[in-house]
Amino acid sequence: MDQQEHGAGTVRVPGGTSDGRTGGAGRGATDACVAVRDSRPDGEPGGLPGRRPAAGRLPGPAGLDGTPDPGLLRLAGWFAEASEESAHDLFTAAFGLYGARHFGARSGPQAPGPRPPVPDAPGADGTVSWWHGPSAHAPAARLVREARPLPGLRRARRTAGVAVEAAAPAGGRRGKHRKPEPAPAPAGPQERSAAAERRIAARLLLAHPLITAAGPHGEGFPLIRRHRDWLTERFDTLLGYRLVVGPWHARLGKAGLGPGGARRLEHPGSGTPFTPGEYAQLAVALSVLVDAPERLPLGRLVAAVRAASPLPAAGRGPGPEADLAGALRVLTDWQVLSATGSGLDTLDPTAELTVDQELARALPAGPPALAADAEDLVRRAAEAADPGTAVRRRLAETPVVLHDDLPGAERAWLAEQWHTVAGTFADFLGLEAELRTEGVALLDPADELTDLALPGTGTLARAALLLVERLVEELRPLPGEPTAPAVPIPDALIDGALGDIADEYGLRAGWRRDYLADRTALRRDALDLLARMGLIAPTPRGTYPPGWLLRAPAARYAPEAELLPAPGTGRHSRRDGEDCADDEDPAGPGERGGYDGTGGYEDPAPYGDAAGFAAPVRAGRPDRTGQAEAVVPPARGPSERPQQLPA
């Protein structure tokens, strides 16, 4: 079958935009239900062992009077005793319900036209550092972009017309993300369509490991069903993930990310992270739902959860009704539970619930029954069969992989196989490889295969981007100095830079008043966002005082470094004295917007009216990169000392 052949006659289409998106990806949930309304016998590929047909399913014989699942109860006890960070690690290991996370902006000049699957730009061989390599610094237009509530297949539906144009013969109009074909037409339309559909389905599963036919991403469920055999084989071979496709849902069992690599569960409305108590109530609720009848009153479920909840440890553990309410709301979002009205929000005991046992049983991915404790579960869930699988998992799930983060065997494997890996992920997921001296990052030009966006909209994303730009400008190794994968960040520099940013841009950009009033909260959340994107990292345990490290990939979001500047004219150099007679900026070196060199500073609001900023006033420096001129932050007072760059 066509869907069982990998890479035969395929056309690589980066970012998921393909010439086959109209082949099922844009259909609604009704079409998806009609397409999969069949019941295969147990044991057939893609089916769930021992499942019952979705229609006319009988209630479980034990109901809520039976014994809850012991493995999930052990998991609930570990959640109840865990710290917040440990609870996030434990959730990632036990459930694997997290999305992939990737950088979206390409580095270097954005030349029009298609790009090859393996970049051939300067530094593609890994001889250029991120500190001094091509930059993906966002000019004015990039800091404000259209909000996308549901990335992925909804965009595929909007761009279906563009995808049709991308399938035009050579000489016709090419799509924005379409890559060049190796031959005039080596593969027919059916082969190209099948390859594009597989790529869309694989990207959807990697972004959303649980897909239901009637859920928010149900329009892509027919593609997963159609190519389930090929997807099952590829996910197992490349990443060691188990894919189970039933008649109404698809579940990709992801591995854990190890200690410190947690992807926390957040409340859908507010984005607030789950607490250990809420995680514990979630595990207890699942332990009693795996054998619950199809319909039951909410009061019976609440009573069963309270009876099965572990005892609090040292005054902690599940207790408040708010913890249970939050857990039940998440189960509703996952479609394990459904109720009419607002019964779940108010915990109305008379509200009637509908339970999907199959989904409840499919949620746990880790081995809680086999682990000795929570730390053992986190370790077991992150284990890989071989170094290649471990490295491919990191590349597929995380924004950047530094060589120093890998054990010796994995580092050697990546150094030997990275060219093959780049082509594999271009075919499988439409990702592009960016190789630098410090490591490798897989980029998603479509900016869809990520659960966090940077650059992004909103106060927090803009403040974090401006902060990392200024940190790089202050701490980047100068030309001729040895480069390191990470450099320490002085704590005072974070406070000073963030305070300047808030003062200069906050009010005129309409930033959130709570962040402007509480700079501590702004600092905490901005650093958290940068850490989750892999641009900064906490110092190793035992370091005193604890602090942060600026990682080399952060330089992607700062203006490009001057590799060979003239003495006294570089970005990091300052003139002695107060002689500013030849400066073009009349504001002077000590005033906002001024600059005393020839590098050119601008008005402190450089990001355009669309972001709420004033238009920039530049001091005119020639553009040598072909891009929009980089935004250079204003001077920050006497803390900067004169530096002399080597000739």
Side-chain angles (χ1 to χ4, degrees), residues 1-28 31-32 34-36 38 40 44-46 114 117 152-153 155-157 159-170 172 174-208 211 213 217-239 241 243-245 250 252 396 423-432 444-446 448-449:
M1 297 175 63
D2 287 340
Q3 59 262 40
Q4 292 174 330
E5 300 173 0
H6 173 60
T10 59
V11 177
R12 290 191 287 268
V13 185
T17 304
S18 67
D19 56 353
R21 272 191 162 179
T22 55
R27 298 174 185 172
D31 296 330
V34 173
V36 301
D38 64 294
R40 294 180 292 158
E44 188 168 345
L153 290 174
R155 178 170 177 174
R157 188 166 50 198
T159 58
V162 179
V164 172
E165 291 182 1
R174 291 185 179 272
K176 179 180 179 182
H177 299 289
R178 182 171 170 80
K179 290 185 176 178
E181 299 184 12
Q190 293 183 352
E191 287 80 2
R192 288 199 299 269
S193 177
E197 288 181 353
R198 295 168 191 162
R199 188 175 299 113
I200 293 172
R203 288 168 62 90
L204 179 61
L205 285 168
L206 202 65
H208 307 282
I211 301 291
H217 305 284
E219 56 197 12
F221 185 72
L223 290 182
I224 299 173
R225 288 274 297 178
R226 185 178 307 153
H227 302 288
R228 58 182 175 268
D229 296 329
W230 185 88
L231 292 168
T232 300
E233 185 273 333
R234 295 311 292 162
F235 274 114
D236 180 65
T237 302
L238 295 178
L239 304 176
Y241 292 168
L243 175 63
V244 176
V245 182
L252 181 65
T424 299
F425 279 105
D427 288 337
F428 185 43
L429 298 170
L431 300 176
E432 297 181 356
D444 179 28
E448 295 176 347
L449 193 56

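Quick note: residue numbers are just sequence positions, from 1. Fair warning: this is a prediction, and the values are worked out from it, not measured in the lab.
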To the nearest 0.5 angstrom, please state how far the [atom1] atom of [X] sits from the [atom2] atom of [Y].
X: His227; Y: Ile200; atom1: NE2; atom2: CD1; result: 9.0 Å
X: Arg199; Y: Asp427; atom1: CZ; atom2: CG; result: 6.5 Å
X: Ile224; Y: Leu205; atom1: CD1; atom2: CG; result: 4.0 Å
X: Glu233; Y: Thr237; atom1: CD; atom2: OG1; result: 3.5 Å

> Between Leu204 and Gly220, which heavy-atom pair has the shortest distance, and what is it?
Replying inline: CD2-CA, 3.9 Å
>> On a heavy-atom basis, which atom in Pro445 and which in Gly430 lie closest, and how many Å separate them?
In response: CD-O, 4.1 Å
> Excluding sequence neighbours, so at least two apart, what forms ring-ring contact (aromatic ring centres under 6.0 Å, His included) with Phe425?
Replying inline: none
>> Strictly distance-based, threshold 3.5 Å: is any side-chain N or O of Arg226 a donor or acceptor partner for the main-chain N or O of Leu223?
In response: no
> Do Leu243 and Asp236 touch side chain to side chain, with heavy atoms closer than 4.5 Å?
Replying inline: no
> How are the rings of Tyr241 and Phe235 set relative to one another: parallel (under 30°), tilted (30 to 60°) or perpendicular (over 60°)?
Replying inline: parallel
